[in-house]
There are 2 protein chains.
Amino acid sequence: MNGRTPRGPRPSSIARVAGINYLDLGEHLGYALRRAQVASFDAFHRATAGLGITPPRFTALVILQANPGISQSTLGEVLGTARSGAMLLTDWLEARGFASRRHRADDGRAWGLYLTGRGERLIGRLRQRVRDYDRRFAARLGKREREQLLRFLERLSA
Amino acid sequence: MNGRTPRGPRPSSIARVAGINYLDLGEHLGYALRRAQVASFDAFHRATAGLGITPPRFTALVILQANPGISQSTLGEVLGTARSGAMLLTDWLEARGFASRRHRADDGRAWGLYLTGRGERLIGRLRQRVRDYDRRFAARLGKREREQLLRFLERLSA
DNA sequence: TATTGTTATACTCTATAACTATA
DNA sequence: TATAGTTATAGAGTATAACAATA
């Protein structure tokens, strides 16, 4: 313990409590998805401990890396949040030197968003960590099962 | 439109944005789980529209039905939240006449929580609605696929 | 008129910590 | 001492609405 409390939302696992009757809750896809997602978030949190990186921030870094010059509105659309949220997220990245806003030649209203060198290095390290955590988290499934699961989830999300 | 804004958290879907490069984000189990969970939450929200029922509240109702006399602390444990959160949730249920607190004979500190008749009727209707929504949501999967998915998720959550 | 970014505001959820009463 | 419930407080996340600048 170092006394510092992490800032982001704390993932609290949802363990099965002994002696409790859950009825058919385990048959509900929504409940099962929620439990698995919390477990995944918990693993993500441990994998990125101390960096202040949350899943949306990680996603934003990946999207900025692959789509240099993207606007805040589009970033918000990708993340599924309102413009104002995308703006706060961009503020966070910029304040830490991971991303920069540049004026666009073609549209005076919008910013173009770019990773800085520091941001590139961060996402490089993060990619590795997140890939590792994802593999460890999925270790209870076989390779084929993991692929199957991904396809199922993709079909539900489309 | 009736002008009333729903109270609970609004599920905002995470659609794929055309023209955006997502790199390998789709291969991340955490990302896929999050997207599916948001889609599921969105369907749940529509299924229970107007009732103010959120997934944790639904879970609490099921747990109270199947475990009459459960304490607030244990309910919080089941939900994966702190005691204070379980208390606010119980307040919400009690204020609407869905649940009641009764003193315990064996332990003067703890409440025993029980569904009221009104709560029983609510959970009866909700069960039906939630089961329907869950089936519709999973309609993109076959029966066997749905079962497989549930087993995969269960293994990841254990 | 519509859109981008911004700002202010409000609301939900949830955690922490301190307190009380019981055990 | 430890636990159940309570209360107060704080923080993160995110939505809405209004506004200025630009299209």
So, are [X] and [Y] salt-bridged, with charged N and O less than 4.0 Å apart?
{"X": "A:Glu154", "Y": "B:Arg16", "result": "yes"}
{"X": "A:Arg96", "Y": "A:Asp91", "result": "no"}
{"X": "A:Asp132", "Y": "A:Arg136", "result": "no"}
{"X": "A:Arg146", "Y": "A:Asp134", "result": "yes"}

May I have the distance from [X] (atom [atom1]) to [N] (atom [atom2]), rounded to whole angstrom?
{"X": "A:Asp91", "N": "C:dG5", "atom1": "CG", "atom2": "P", "answer": "12 Å"}
{"X": "B:Met87", "N": "C:dA18", "atom1": "CE", "atom2": "C1'", "answer": "15 Å"}
{"X": "B:Trp92", "N": "C:dT14", "atom1": "CH2", "atom2": "P", "answer": "14 Å"}
{"X": "B:Gln72", "N": "C:dT20", "atom1": "CD", "atom2": "P", "answer": "19 Å"}
{"X": "A:Ile53", "N": "D:dA12", "atom1": "CD1", "atom2": "P", "answer": "15 Å"}
{"X": "B:Ile14", "N": "D:dA15", "atom1": "CD1", "atom2": "P", "answer": "10 Å"}

Is any side-chain nitrogen or oxygen of [X] closer than 4.0 Å to OP1 or OP2 of [N]?
{"X": "B:Arg57", "N": "C:dC13", "result": "yes"}
{"X": "B:Arg83", "N": "C:dA18", "result": "no"}
{"X": "B:Ser84", "N": "D:dT6", "result": "no"}

Nucleic acid contacts of residues 102-113 of chain B, taken as heavy-atom distances under 4.0 Å to DNA chain C: B:Asp107, B:Gly108, B:Arg109
N/O donor-acceptor pair under 3.5 Å between A:Arg140 side chain and B:Arg155 backbone: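 Yes: the side chain of A:Arg140 pairs with the backbone of B:Arg155.
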